Amino acid sequence: MARIEYAPAPESRSVVHLRPSYGLFIDGEFVEPTLGEHYTSVNPADETALAEVSEGSAADVDLAVRAARRAFTRWSRMPGAERAKYLYRIARILQERAREFAVLETLDNGKPIKESRDTDIPLAAAWFFHYAGWADKLEYAGLGPDPRPLGVAGQVIPWNFPMLMLAWKVAPALAGGNTVVLKPAQTTPLTALLFAEVCQQADLPAGVVNIVTGHNDTGAAVVAHKGVDKIAFTGSTAVGRRIAEAVAGTHKRVTLELGGKGANIVFADAAIDQAVEGVVHGIYFNQGHVCCAGSRLLVQESIAEEFVARLKRRMGTLRVGDPLDKNTDVGAINSSMQLARISELADSGVAEGATMWQADCALPSRGFWFAPTLFTDVAQSHRIAREEIFGPVLSTLTFRTPSEAIEKANNTQYGLAAGIWTEKGSLILKMANELRAGVVWANTYNKFDPASPFGGYKESGYGREGGRQGLAAYLEGDRA
Amino acid sequence: MTVVLGISNSDLAAATGSDAALRRFLFGLPGVDQVGAEARAAALATRSIKAATKRDLIDLAIRMIDLTTLEGADTPGKVSALCAKAQHPDPTDHTAPHTAAVCVYGDMVPHAVRALGPDSPISIAAVATAFPSGRASLDVKLLDVHDAVVNGAHEIDMVIDRGAFLSGRYLQVLEEVRAVKEACGTAHLKVILETGELQTYDNVRRASWLAMLGGADFIKTSTGKVQPAATAPVVLVMLEAVRDWFDVTGHHIGMKPAGGLRTAKDAMRMLVLVAETVGEDWLTPDLFRIGASSLLNDLLLQRQRMRDGAYSGPNYVTLD
Amino acid sequence: MSRIDVRKTHKLFVNGAFPRSESGRSYEVTDTKGRFLANAAQASRKDARDAVVAARAAFRGWSHANAFLRGQIIYRIAEVMEGRHPQLVADVMAAEGLTEARARRTVDAAIDRIVWYAGWADKLPTALGNANAVSGPFFNFSIPEPTGVVAVLAPESSSLLGLVSVVLPVITGGNTCVVVTSHTRPLPAVTWAECLATSDVPGGVVNVLTGDRAEIAPWLASHRDVDGIDCAGADASLASALEVAAAANLKRVLRPDADEDWAAHPGLRRLSRFIETKTVWHPIGV
């Protein structure tokens, strides 16, 4: 009997040329931080050091905002068609250097190379390509005849899709004529720094994009800076709330992409094999480090037992391990901090009476790892049914009727995303209509596209990214 | 799982009691979402296989081949050449395994019997039932089967009546499979769905169940005469049916993609689909066959490359 | 002997009914020259709480009413106002100290604004929604949906036109609301509530509270079952405090603009602040 063994088919690291130490990217140049502080960015898959990165202080943020302000005058007055060409250049360079970005993203973040290669980086390039085309068509965005940029955008992005979130933020801002000060997540700054090199390669005017690395205080300084006209943040609801407080009474416009507790609703008549795939992809994609993850499985009671059995069988084929291995489905948890949070919530699930099942897989001894996990016997009142775990942990609940599914799905403070699995078209539209969520995936899950607006209801934040709604977040106009 | 898709083993007999019951049963099977199924098949196609495993899998794939000639121009000479190739695929390397079977038209079976000789480990598969269209009366089809079996075929590759299937006469399709199965006697029955004519994955799934309900030992994608044939998502959907059937009944049904598989890479992808969908138990010629002709040479070229460490060329394999 | 007239008791408008404040309080309302006009109900935080319950209960029906019907109902408000034109003019004259001609123009503008919004109800998905060309076999569309229950602090000086200008964008989008009227000029709002009560607007869609904004608004801003707040009537320091409180459940906040010209064309700025974009994906296949 043959056994198929997949090759450890590691993508070569040799395409990535990391410098030992990185400065901040301000006014078109890499500069040393004013306080001279650095920290180390590590590979979460083996805890090895990747590079030294600058700790940006409030003074550095100030320099960056001033540079962005100076650049704003020229950038915002530049004909849109010219701005567009810079964005197209960036998109093309990202495509040319895609492999380098993908490998670096996987090294710094821990996500499988399959995902950084096939999802994160191609989508990031697509985002620039899409918004490049908007730059000279702003008057057609439905914001009135003369939409105007807001000024300097302060952008604080998370560690789960470092490069993709950069693209989501930077591309529409620049297309609209804004300049940016970007604060990458502390654990995943490296692709943003590589992006700084791309800006140089594209001859983007100095100061249009500024990148200030650092920890939470650096992000807070960006948010607090008086010279910032717009805040765009993706991250936790707790931090989002602090930002909303911080900007109170100012002129700053804000968009927030925050947490979620997405319900993936499977009806008895679903295309069951695709539903299993969709549920697996919905929660184990990117180790569940996804704000819109389908972290609550709501399955109709009549098929629950069989569905869970099928889910377990499928989970048994997930390959967990070396993120650089092209066969890896589930990579490393991004940090020890996040691993602790996931473990704590999983423990609470067990303590509160839910049943935990984990795929049988060997986990590497070094690095941060959590096996794909499935909870059954979960009640709405359990923490694992209410709190965002942001890890590869799925909580299964059951429902009997569509109205019960709607009620349970909406019974959360979040409202980012939801999934529906049924072969009945009218039921899909009814569910889509009733679900209080910004993105509804029917018979699919975790799909993203630059033309498609993304963002939440309720405490999942406000504002949209993608499409013309995403552009409107960076423009002042009739309806912005 | 004893109850799968809401079906238990004991429901199966009742499901085939009448046309109406059969229709209800087939339409009670879960649907297949085209985009999702194709995405899954495409994702599995990116698996990268270890070199040592690949060597084993190339030999396994050769051992799974039903080496096929199904031309109007087939002659005894062509069939004996095919049989020679099936026995010794690589004249430069006698460690190359033989194929599982040769697959020929019914009237060519006696020539294959002669060419392979007695006690050959290679099976003779004959297409029958008015292959490839299936457009003949049941009597003619059964005679076709009978003829092949009497002449020495070990395996019968029948086609379902796609006209009957597409017009909703499911019981007729089922009863034809049953009748052919009976006519096969001890010969193994492969039931060709001709998925390219069924068009939708929902139809592929229903036809798969119909064939298994009728007594198929194998279900097979295509005749090779209609495109598309053995695409990865079609094979995925059929393997899912095989897997679910096993869960309900405990019986192993074989699977045979045929048509359009030309490269070693195609074959490797098929084996990955098998392993990840229905499990490695199916990675044997008893349960998985590949209907092909030119595929064999590409497998041999890959085999030579792995042996010699240099790319081989078409003059280093035989054209038969 | 001349007839003794029947004086009106000015009450709150909650859930389609006209209750007194649960607190039993009222306050004196005067004209711009300080002459007594009437006693208005002084809403308490508990009235605000009840109003939020009413608005939440009305939300599903109003947000799911078909858009054409919603437009008709809003247009009906204009019709009823037209019928009560003289009273509204008298109220605005008294409240804002305007000449009759200017008060009439103000009422006209308020009615016309409602007609403008009535026409929007079934056009929002056309104007604010879109089909999205995604690169894959998916049908993808985005539609505007209402945010939910919105607290509205009506402008202090523009007692009717300002009020209409802040309430209409909220309800046209399918939201329900709790509106706190002008504190010193609440009477046109009470008459307007009577227009709402007689114009097919379902109970609870608009709840009108008269009273002290500084007392009530913080409770609305911090209320976890309120999804948005328009701070139009708040001064900068109150608005800032309300925005901080609103962050607790990430309410959508509209900041006040001291220079807002309520007679100017409104555009869709206010309306879009309390609109969510929902994007739906579905595979295309056979």
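We name chains A, B, ... by the order of the sequence lines, and we start the count at 1 in each one. All of these numbers come straight from a predicted model, not from anything done at the bench. Because only heavy atoms are used, hydrogens play no part in the values below, and waters and symmetry mates are left out as well, while side chains stay in.
Note that NZ of C:Lys278 is 10.5 Å distant from CZ of A:Arg464, once rounded to the nearest 0.5 Å. Once rounded to the nearest 0.5 Å, the distance linking CD of A:Glu459 with CG of C:Asn249 reads 5.5 Å. Interatomic distance, CD1 of A:Ile420 versus CH2 of C:Trp281, reported as 14.5 Å (0.5 Å rounding). Here the CG atom belonging to A:Asn433 is positioned 4.0 Å from the NE2 atom belonging to C:His64, to the nearest 0.5 angstrom. Taken to the nearest 0.5 Å, the CG atom of A:Leu256 stands 6.5 Å off from the CG atom of C:Leu250. Rounding to the nearest 0.5 Å gives a distance of 5.0 Å between OG of A:Ser452 and CG of C:Asn132.
Few gaps surround OH on A:Tyr88; more than 12 heavy atoms of other groups in view lie less than 6.0 Å from it. The local environment of NZ in A:Lys424 is sparse, with at most 12 non-hydrogen atoms from other residues, nucleotides or ligands closer than 6.0 Å. By the 6.0 Å contact criterion, CZ on C:Arg56 is enclosed, its count of non-hydrogen atoms from other residues, nucleotides or ligands being greater than 12. The local environment of CH2 in C:Trp116 is crowded, with over 12 non-hydrogen atoms from other residues, nucleotides or ligands closer than 6.0 Å. Under a cut-off of 6.0 angstrom, the local environment of CD in A:Glu139 is crowded, with over 12 non-hydrogen atoms contributed by other residues, nucleotides or ligands.
When heavy atoms are compared at a cutoff of 4.5 Å, A:Gln413 does not approach chain C at all. Interface residue A:Arg241: backbone and side-chain heavy atoms are both found under 4.5 Å from chain C. With a threshold of 4.5 angstrom between heavy atoms, C:Ser237 does not approach chain A through any atom at all. Looking at A:Ala126, there are no atoms closer than 4.5 Å to chain C (heavy atoms on both sides), in backbone or side chain. For A:His130, no part lies near chain C; criterion is any non-hydrogen pair under 4.5 Å. For a residue to count as touching a neighbouring chain, one of its non-hydrogen atoms must lie under 4.5 Å from one of that chain's; by this rule A:Thr250 touches chain C with backbone and side chain alike. Looking at C:Ala246, there are no atoms closer than 4.5 Å to chain A (heavy atoms on both sides), in backbone or side chain. Heavy atoms closer than 4.5 Å to chain A are found nowhere in C:Phe139, neither backbone nor side chain. Contact annotation for A:Ile428: only side-chain heavy atoms (C-beta onward) come within less than 4.5 Å of a heavy atom of chain C. For A:Tyr445, no part lies near chain C; criterion is any non-hydrogen pair under 4.5 Å. When heavy atoms are compared at a cutoff of 4.5 Å, A:Ile243 does not approach chain C at all. C:Arg60 touches chain A through its side chain: at least one heavy atom from C-beta onward sits under 4.5 Å away, while N, CA, C and O do not. Using a 4.5 Å cut-off between heavy atoms, C:Ala133 contacts chain A through its backbone alone, with no side-chain atom that close. Heavy atoms closer than 4.5 Å to chain A are found in both the backbone and the side chain of C:Ser135.
Contact annotation: the side chain of C:Val134 never approaches that of A:Phe448 to less than 4.5 Å [non-hydrogen atoms, C-beta and beyond].
Residues C:Glu145 and A:Tyr457 have side chains that bring a donor and an acceptor to within less than 3.5 angstrom of each other.
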### Message
If you apply the rule side-chain contact (heavy atoms from CB on, under 4.5 Å), what do you find for A:Val247 with C:Arg255, and how did you get there?
### Response
CA-CA 11 Å; A:Val247 301; C:Arg255 296 179 182 135; 3.8 Å; yes
### Message
Let's go through A:Thr444 and C:His282 carefully: what are the C-alpha distance in whole Å and the side-chain angles of both, what is the deciding distance for side-chain contact (heavy atoms from CB on, under 4.5 Å) to 0.1 Å, and is it a yes or a no?
### Response
CA-CA 7 Å; A:Thr444 187; C:His282 197 278; over 6 Å; no
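Most heavy-atom pairs under 4.5 Å with chain A, from the set C:Ser240, C:Pro256, C:Ser63: that is C:Ser240. Most heavy-atom pairs under 4.5 Å with chain C, from the set A:Leu435, A:Asn443, A:Val440: that is A:Val440. Across C:Thr279, C:Val280, C:Ile275, C:Val244, the residue that shares the most heavy-atom pairs under 4.5 angstrom with chain A is C:Thr279. Taking A:Pro450, A:Ala246, A:Gly455, A:Gly456 one by one and counting their heavy-atom pairs under 4.5 Å with chain C, the maximum is reached by A:Gly456.
Taking each heavy atom of A:Glu245 and C:Ala247 in turn, the nearest pair found is CG-CB, 3.4 Å.
A:Gln469 places a side-chain N or O within 3.5 Å of a backbone atom of C:Leu128 that can act as its donor or acceptor partner.
Looking at C:Glu276 and A:Arg436, no side-chain N of the basic residue comes within less than 4.0 Å of a carboxylate O on the acidic one, giving no salt bridge.
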